[in-house]
Amino acid sequence: NEVQFAASNKLKNTNYQNVYNDIANVIRENDEHDDYIGSGPVLLRLAWHASGQFDSKQEIKGGSYNGTLRFDKELSDPSNAGLKYAFDLLKPIYKKYNHQISHGDLFTLAGVVAVQEMGGPKIPWRYGRVDGDIETVPLNGRLPDANQNANYVRNFFHRLNFLEDKEIVALIGAHCVGKTHLKNSGFEGPWGAATNMFTNEFFRNLLTEKWVLEKNEAGNQQYNNDKGYMMLPTDMALVQDGSFKKIVEEFANDESSFFKVFSSAFNKLLENGIKFEKSSPVLYFKTLDEQDI
Ligand code: HEM
Ligand SMILES: CC(=O)Cn1cnc2ccccc21
């Protein structure tokens with residue numbers, strides 16, 4: 001299938017740490033967002049939604065290359081409700097670099113910054129995505145439905161070329177940060193229990209908390225516990241399926257194993273469908289803390 005060739009870019013490698021730092025500072029400056037959960041989780045979701053509409057079998061393949069989430073046509077997909085806030089956070093940074101960075105590179109880099117600044121693993125990242133025009137916007141409706149079971153989840157990620165269960169389980173482990181919002185997705189919670197620290201807590205909670213399936217105010221079924229935590233049906237699918245559950249147990253017991261698999265799976269998600277030039281360097285970024293900023 002036709003792949004996109006990543007072009008070389010004007011910014012030199014060193015400058016990308018500056019872009020990283022600018023995004024990290026935006027997260028620090030907007031720490032009051034969503035009752036002080038902060039802006040990390042919603043920027044991580046932006047990067048995932050900018051990449052997760054990839055489908056190699058379609059004429060318009062999607063994926064992060066063309067930066068199409070910048071168009072209202074895609075941003076107005078009901079699956080993307082709430083992400084305009086995240087895009088607006090990045091607009092001043094896009095302007096500052098004055099076309100030296102593409103939207104695809106900016107959206108995916110923002111996901112790397114969010115994970116690392118919330119204490120998650122280092123994510124390798126490459127630049128070179130080039131903005132496509134509105135003709136390259138993929139059809140709405142390619143992102144996953146939360147009201148589904150384990151087979152749906154497995155088939156969904158097979159479309160994104162994630163054929164190993166451990167990659168699938170690791171990626172959904174990003175639900176360790178942030179929360180659901182009734183007005184965005186028809187799911188609500190957690191009340192006060194949401195975190196902005198990237199850990200294996202999501203997997204531990206799946207195994208240790210007592211979950212009760214309840215219909216929420218929007219009429220959707222979700223799992224709630226007595227501490228105000230919640231799980232989506234697709235979250236719970238990870239302990240309802242034998243193979244997924246074994247991996248949940250591994251990640252719950254060994255956070256470094258979760259981090260290792262998440263790092264490579266998230267990089268793969270952000271690069272789906274893109275053939276980078278041999279000369280494209282793989283960049284690793286220091287966190288603000290590591291730079292004593
Ligand atoms: C089966 C696959 C998935 C489904 C059905 C799903 C569904 C959802 C839903 C319904 C929400 C709530 C959105 C809102 O109401 O604001 C959400 C939030 C979130 N998702 Fe997922 N998701 C999936 C996979 C992923 C993946 C692969 C990632 C990243 C690698 C991710 C990262 C996030 C984050 C960080 C949030 C919190 C956003 C916030 O706090 O504003 N999700 N997801
Ligand atoms: C604490 C809590 O409810 C974590 N959590 C559980 N499922 C989630 C889905 C999206 C965002 C956060 C999610």
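Just so you know, ligand 1 is whichever comes first in the structure, and atom 1 is the first atom listed for that ligand.
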Write out the residue and atom name of the closest protein heavy atom to [atom], then the distance separating them to 0.1 Å.
{"atom": "atom 10 (C) of ligand 1", "answer": "Ser185 CB, 3.6 Å"}
{"atom": "atom 39 (C) of ligand 1", "answer": "Lys179 O, 3.5 Å"}
{"atom": "atom 6 (C) of ligand 2", "answer": "Met230 O, 3.0 Å"}
{"atom": "atom 35 (C) of ligand 1", "answer": "Pro41 O, 3.3 Å"}
{"atom": "atom 29 (C) of ligand 1", "answer": "Ala174 CB, 3.4 Å"}
{"atom": "atom 28 (C) of ligand 1", "answer": "Trp48 CD1, 3.5 Å"}
{"atom": "atom 3 (C) of ligand 1", "answer": "Pro144 CG, 3.6 Å"}
{"atom": "atom 7 (C) of ligand 1", "answer": "Leu232 CD1, 3.7 Å"}
{"atom": "atom 42 (N) of ligand 1", "answer": "His175 NE2, 2.9 Å"}
{"atom": "atom 2 (C) of ligand 2", "answer": "Pro190 CG, 3.7 Å"}

Does [Y] offer a backbone N or O that forms a donor-acceptor pair with the side chain of [X] under 3.5 Å?
{"X": "Asn80", "Y": "Ser76", "value": "no"}
{"X": "Asp131", "Y": "His103", "value": "yes"}
{"X": "Ser263", "Y": "Phe259", "value": "no"}
{"X": "Arg159", "Y": "Arg142", "value": "yes"}
{"X": "Glu117", "Y": "Gly40", "value": "no"}

For [atom], tell me which residue out of [options] has the closest non-hydrogen atom.
{"atom": "atom 12 (C) of ligand 1", "options": "Asn196, Thr180, Leu46", "value": "Thr180"}
{"atom": "atom 4 (C) of ligand 2", "options": "His181, Met236, His175", "value": "His175"}
{"atom": "atom 13 (C) of ligand 1", "options": "His181, Arg45, Glu167", "value": "Arg45"}

Sub-4.0 Å atoms of ligand 2 with respect to non-hydrogen atoms of [X]:
{"X": "Asp235", "answer": "6 (C), 7 (N), 8 (C), 9 (C)"}
{"X": "Met231", "answer": "6 (C)"}
{"X": "Thr180", "answer": "9 (C), 10 (C)"}

Can you name the atoms of ligand 1, numbered from 1 with element, that are less than 4.0 Å from a heavy atom of [X]?
{"X": "Ala146", "result": "5 (C)"}
{"X": "Thr234", "result": "5 (C)"}
{"X": "Gly178", "result": "40 (O)"}
{"X": "Asn184", "result": "14 (C), 15 (O), 16 (O)"}

Practice prompt. Would you please say whether a donor-acceptor pair under 3.5 Å links the side chains of Ser39 and Tyr85?
Written response: yes
Worksheet item: Do you see a donor-acceptor pair shorter than 3.5 Å between the side chains of Gln17 and Asn21?
Response: yes
Worksheet entry | Criterion side-chain hydrogen bond (donor to acceptor under 3.5 Å, both in side chains) against Tyr20, the qualifying member of Gln291, Gln116, Lys286 | Gln116
Worksheet item: For Phe244, is the NZ or CZ atom of Arg154 found under 6.0 angstrom from the centre of its six-membered ring and inside 45 degrees of the ring axis?
Response: yes
Worksheet item: Is the shortest side-chain N to carboxylate O distance from Glu188 to Lys179 below 4.0 Å?
Response: yes
Worksheet item: Would you call Asp133-Lys73 a salt bridge at under 4.0 Å N-O?
Response: no
Worksheet item: Just wondering, more than 12 heavy atoms not from Lys122 lying within 6.0 Å of its NZ?
Response: yes
Discussion item. Geometry only, no angles: is Asp34 polar-contacting ligand 1 at N/O separations under 3.5 Å?
Written reply: no
Discussion item. With a cutoff of 4.0 Å, is Gly178 in contact with ligand 2, counting heavy atoms of the residue only?
Written reply: yes
Worksheet item: Between Phe187 and Tyr223, does the ring centre distance come in under 6.0 Å?
Response: no
